[in-house]
Amino acid sequence: ETLACGTGATATALAASFLYHLSSPLSLRVHSKETLHVQFKKMQATFSDILLQGPACKIGEGVIDHHFSTMWTLCLSHAFFPTENRHTPT
């Protein structure tokens with residue numbers, strides 16, 4: 001288990017900025033009690049130059065073989081582009 005998900009913290013900061021008209025940078029206190037800082041540029045509903053700052057530590061390591069990564073990519077492509085919604089050339 002990670003006690004601070006950088007992706008989730010970044011998404012939360014951007015959503016809060018959009019919904020509550022907050023300006024960059026934003027600071028979030030995460031489950032680990034650490035503070036993460038998210039900086040960004042905002043133009044209407046578009047964000048760019050997003051930067052996440054905060055402590056990081058290694059929590060594990062592993063190896064993903066080629067077969068697994070190929071199957072995972074295939075699985076994701078089907079999740080985001082279901083077969084029934086694909087346009088096939090005629």
Side-chain angles (χ1 to χ4, degrees):
E1 170 186 339
T2 62
L3 297 178
C5 172
T7 303
T10 301
T12 299
L14 298 180
S17 172
F18 179 77
L19 293 172
Y20 302 109
H21 309 288
L22 302 174
S23 300
S24 177
L26 295 178
S27 298
L28 296 92
R29 188 162 183 112
V30 293
H31 187 69
S32 66
K33 306 292 189 239
E34 299 284 352
T35 301
L36 302 179
H37 307 282
V38 182
Q39 296 178 18
F40 52 87
K41 291 181 183 173
K42 179 171 72 170
M43 185 169 217
Q44 296 175 340
T46 303
F47 296 93
S48 65
D49 301 323
I50 301 166
L51 175 67
L52 173 65
Q53 294 177 305
C57 64
K58 182 178 177 179
I59 61 167
E61 62 182 67
V63 175
I64 298 176
D65 68 17
H66 174 72
H67 176 71
F68 177 81
S69 66
T70 301
M71 293 303 293
W72 181 247
T73 302
L74 180 63
C75 183
L76 286 178
S77 69
H78 284 286
F80 288 106
F81 305 104
T83 310
E84 62 272 8
N85 292 337
R86 289 188 192 161
H87 297 286
T88 54
T90 55

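Worth saying up front: this structure is predicted, and the values here are computed from it rather than measured.
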Quick check for you: to the nearest 0.5 Å, what is the distance between [X] atom [atom1] and [Y] atom [atom2]?
{"X": "Lys42", "Y": "Ser23", "atom1": "NZ", "atom2": "OG", "result": "6.0 Å"}
{"X": "Thr46", "Y": "Phe18", "atom1": "OG1", "atom2": "CZ", "result": "9.5 Å"}
{"X": "His37", "Y": "Leu52", "atom1": "NE2", "atom2": "CG", "result": "9.5 Å"}
{"X": "Leu22", "Y": "Leu14", "atom1": "CG", "atom2": "CG", "result": "11.0 Å"}

For the hydrophobic clusters of this structure (ILVMFWY residues joined by side-chain heavy atoms under 4.5 Å, transitively), does one cluster hold both Leu51 and Met43?
->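 No, because Leu51 and Met43 fall into different hydrophobic clusters, even though each may have its own neighbours under 4.5 Å.
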Taking all non-hydrogen atoms of both residues, which atom of Thr35 and which atom of Ser27 are closest, and how far apart?
->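 Of all heavy-atom pairs spanning Thr35 and Ser27, the closest is CG2-CB, 3.9 Å.
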Please name the pair of heavy atoms, one in Leu36 and one in Gly54, separated by the smallest distance, quoted to 0.1 Å.
->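 The answer is CD2-CA, 3.8 Å.
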For Ser17, which of Val38, Thr12, Leu26 qualifies under side chain to side chain contact (heavy atoms under 4.5 Å, CB included)?
->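 Output: one option passes, namely Leu26.
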